[in-house]
Amino acid sequence: MEVIEKIIQVKDYLTKSNLPASDYVINPYIGCPHGCKYCYACFMKRFTKHNEEWGSFIDIKYCDKPLNKAKLKNKSVFLSSVTDCYNMFEKNTASPVIF
Ligand code: SF4
């Protein structure tokens with residue numbers, strides 16, 4: 001399946017989390033090129049107005065400000081709750097996401 005790759009500007013990599021296991025979440029992408037049939041994260045299409053099939057798009061988040069490390073002191077961060085943060089696009093693409 002062809003994957004539509006796009007870079008999107010975000011205000012912050014950190015998102016306040018409502019999950020009991022973490023204070024913040026970092027999802028470096030919207031979408032996931034693996035497109036697993038059992039994936040619960042496909043609900044993200046509703047929130048991001050993607051009409052494409054789950055697995056056929058990936059928005060790579062780019063933020064031009066560095067992570068606020070002071071904000072993270074004594075906080076927990078869940079990396080990648082709704083995507084695969086080690087997806088195949090990292091292999092060939094110089095990622096604009098710099099932590
Ligand atoms: S987020 Fe996980 S389960 Fe969902 S499509 Fe990607 S690899 Fe599969």
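These numbers come from a predicted model, not from an experiment.
Interatomic distance, CG of Asp64 versus NZ of Lys11, reported as 12.0 Å (0.5 Å rounding). Interatomic distance, CD of Glu53 versus SG of Cys42, reported as 10.5 Å (0.5 Å rounding). Interatomic distance, NE2 of His34 versus CG of Asn87, reported as 6.0 Å (0.5 Å rounding).
Residue Met1 comes nearest to Ser56 through the heavy atom pair SD-CB, 3.3 Å, listed as atom of the first residue, atom of the second, then distance. Residues Tyr13 and Cys63 approach most closely at OH-N, 2.9 Å, considering heavy atoms. Nearest heavy atom pair, residue Asn74 against residue Asp23, reads O-OD2, 4.4 Å.
The closest side-chain heavy-atom distance from Ile8 to Tyr62 is not below 4.5 Å. For the pair Glu52 and Ile4, the minimum side-chain heavy-atom distance is below 4.5 Å. The closest side-chain heavy-atom distance from Ile26 to Leu67 is below 4.5 Å. Between Phe47 and Ile30, the closest side-chain pair of non-hydrogen atoms is not below 4.5 Å. Inter-residue side-chain proximity for Lys37 and Trp54 is flagged as unmet; no heavy-atom pair is nearer than 4.5 Å.
The side chain to side chain contact (heavy atoms under 4.5 Å, CB included) test with Val25 singles out one residue from Ser81, Ser80, Ser76, and that residue is Ser81.
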task: Verify side chain to side chain contact (heavy atoms under 4.5 Å, CB included) between Leu14 and Leu72, making sure each step is shown before the conclusion.
output: CA-CA 9 Å; Leu14 288 172; Leu72 295 178; 3.7 Å; yes

task: Any chance you could lay out the side chain to side chain contact (heavy atoms under 4.5 Å, CB included) test for Glu5 and Phe57, step after step, and finish with the verdict?
output: CA-CA 6 Å; Glu5 187 180 348; Phe57 65 90; over 6 Å; no

query: So Tyr24 and Lys71, side chain to side chain contact (heavy atoms under 4.5 Å, CB included) or not? Walk me through it.
result: CA-CA 10 Å; Tyr24 292 97; Lys71 194 173 167 181; 3.5 Å; yes

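Taking a 6.0 Å sphere around NZ of Lys16, one finds it holds more than 12 heavy atoms contributed by other residues, nucleotides or ligands. By the neighbour-count criterion of 12 heavy atoms within 6.0 Å, atom CD of Gln9 is densely surrounded, having more than that number from other residues, nucleotides or ligands.
Remark: side-chain polar atoms of Thr83 are not paired, donor with acceptor, to backbone N or O of Cys85 under 3.5 angstrom. Looking at Thr48, its side chain does come within 3.5 Å of a backbone N or O of Met44 through a donor-acceptor pair.
Thr15 and Asn27 share no side-chain donor-acceptor pair at under 3.5 Å.
Relative ring orientation between Phe43 and Tyr40 is described as parallel, the plane-to-plane angle staying below 30° on a 0-90° scale split at 30° and 60°.
Using a 4.0 Å cut-off between charged side-chain N and carboxylate O, Asp12 and Lys61 make no salt bridge.
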